[in-house]
Asker: 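To start, I am sharing the structure in question, which I have written as structure tokens.
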Amino acid sequence: MTYSLIQLAPGAYDLLLGDTIVASVVRSGLRQPYTWTAELLEELPKTERPAPFREIEHSFPSLEELCTWLGQSAVKTNNRGTASQGD
């Protein structure tokens with residue numbers, strides 16, 4: 001299965017694995033450099049966490065790096081532009 005991100009608002013996404021929302025992705029910080037955090041919705045035991053999640057929460061310096069970590073996940077935005085680390 002593959003991951004996809006669905007934008008809820010600027011800097012906030014649902015993270016889907018197949019058709020199931022498994023995590024949230026949010027941007028923190030008022031200015032660059034931002035931190036992007038992916039956090040599982042359930043505190044699953046390590047053996048039950050979907051790959052590549054080793055922890056409940058992982059942080060990244062850009063949305064692009066987070067997407068690469070997920071295996072080049074698809075990003076669906078709700079704006080006219082494309083997703084970027086500063087959206």
Side-chain angles (χ1 to χ4, degrees):
M1 276 194 221
T2 59
Y3 285 102
S4 58
L5 288 163
I6 307 295
Q7 186 178 37
L8 305 172
Y13 295 82
D14 277 341
L15 177 61
L16 285 78
L17 178 56
D19 293 331
T20 305
I21 299 171
V22 296
S24 63
V25 172
V26 295
R27 177 185 70 201
S28 58
L30 298 175
R31 304 179 204 198
Q32 292 186 11
Y34 299 117
T35 298
W36 288 88
T37 303
E39 181 177 0
L40 290 172
L41 297 179
E42 295 184 46
E43 291 197 31
L44 300 168
K46 287 187 179 194
T47 57
E48 295 179 29
R49 294 178 191 156
F53 282 89
R54 291 188 195 132
E55 304 297 330
I56 298 296
E57 184 178 293
H58 292 270
S59 295
F60 301 87
S62 70
L63 183 60
E64 182 179 287
E65 288 186 41
L66 188 148
C67 289
T68 298
W69 176 72
L70 292 169
Q72 298 298 336
S73 60
V75 178
K76 296 179 185 173
T77 63
N78 64 8
N79 59 24
R80 293 184 187 126
T82 58
S84 69
Q85 71 184 65
D87 71 340

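These numbers come from the heavy atoms of this one structure, side chains and all, not from hydrogens, waters or symmetry mates. Position 1 is the first residue of the sequence; numbering continues from there.
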Asker: Taking only residues two or more places apart in sequence or in another chain, which ones pass ring pair (Phe, Tyr, Trp, His ring centres under 6.0 Å) with Phe60?
Answerer: Trp69
Asker: Do other residues, nucleotides or ligands put more than 12 heavy atoms under 6.0 Å from the CD atom of Glu48?
Answerer: yes
Asker: Looking at every non-hydrogen atom in both residues, tell me the closest pair between Gln7 and Pro10 and how far apart they are.
Answerer: NE2-CA, 3.6 Å
Asker: Between Lys46 and Glu55, is the side-chain contact (heavy atoms from CB on, under 4.5 Å) condition met? List the steps.
Answerer: CA-CA 7 Å; Lys46 287 187 179 194; Glu55 304 297 330; 3.6 Å; yes
Asker: To the nearest 0.5 angstrom, please state how far the CD atom of Glu65 sits from the OG atom of Ser59.
Answerer: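 Nearest 0.5 Å value for the CD-OG distance: 12.0 Å.
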Asker: Show which residues join Leu16 in its hydrophobic cluster (side-chain heavy-atom contacts under 4.5 Å, direct or indirect), or state none.
Answerer: Ile6, Ile21, Leu41
Asker: Taking the side chain as everything from C-beta on, heavy atoms only, tell me whether Thr2 gets closer than 4.5 Å to Ser73.
Answerer: no
Asker: If you take all heavy atoms of Leu66 and Thr37, which pair is closest and at what distance?
Answerer: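 Heavy-atom minimum between the residues: CD1-C, 4.4 Å.
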Asker: Please examine the side chains of Leu63 and Tyr34, heavy atoms only from C-beta on, and report whether any two atoms are closer than 4.5 Å.
Answerer: no
Asker: Just so I know, are the side chains of Phe53 and Leu44 near enough to count as touching, which here means a heavy-atom distance under 4.5 Å?
Answerer: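 Sidechains of Leu44 and Phe53: no contact.
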Asker: Closest heavy-atom contact between Gln72 and Thr68?
Answerer: NE2-OG1, 3.3 Å
Asker: Are Val75 and Leu17 co-members of a hydrophobic cluster defined by side-chain heavy atoms under 4.5 Å apart?
Answerer: yes
Asker: Treating Ile, Leu, Val, Met, Phe, Trp and Tyr as nodes and any side-chain heavy-atom pair under 4.5 angstrom as an edge, say whether Val26 and Leu15 lie in one connected cluster.
Answerer: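 As far as the 4.5 Å side-chain criterion goes, Leu15 and Val26 are not connected within one cluster.
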Asker: Passes side-chain contact (heavy atoms from CB on, under 4.5 Å), Ile56 versus Arg49? Steps please.
Answerer: CA-CA 8 Å; Ile56 298 296; Arg49 294 178 191 156; 3.6 Å; yes
Asker: Should Tyr3 and Pro52 count as side-chain neighbours, where that means a heavy-atom distance under 4.5 Å?
Answerer: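 Side chain of Tyr3 against side chain of Pro52, heavy atoms only: contact under 4.5 Å found.
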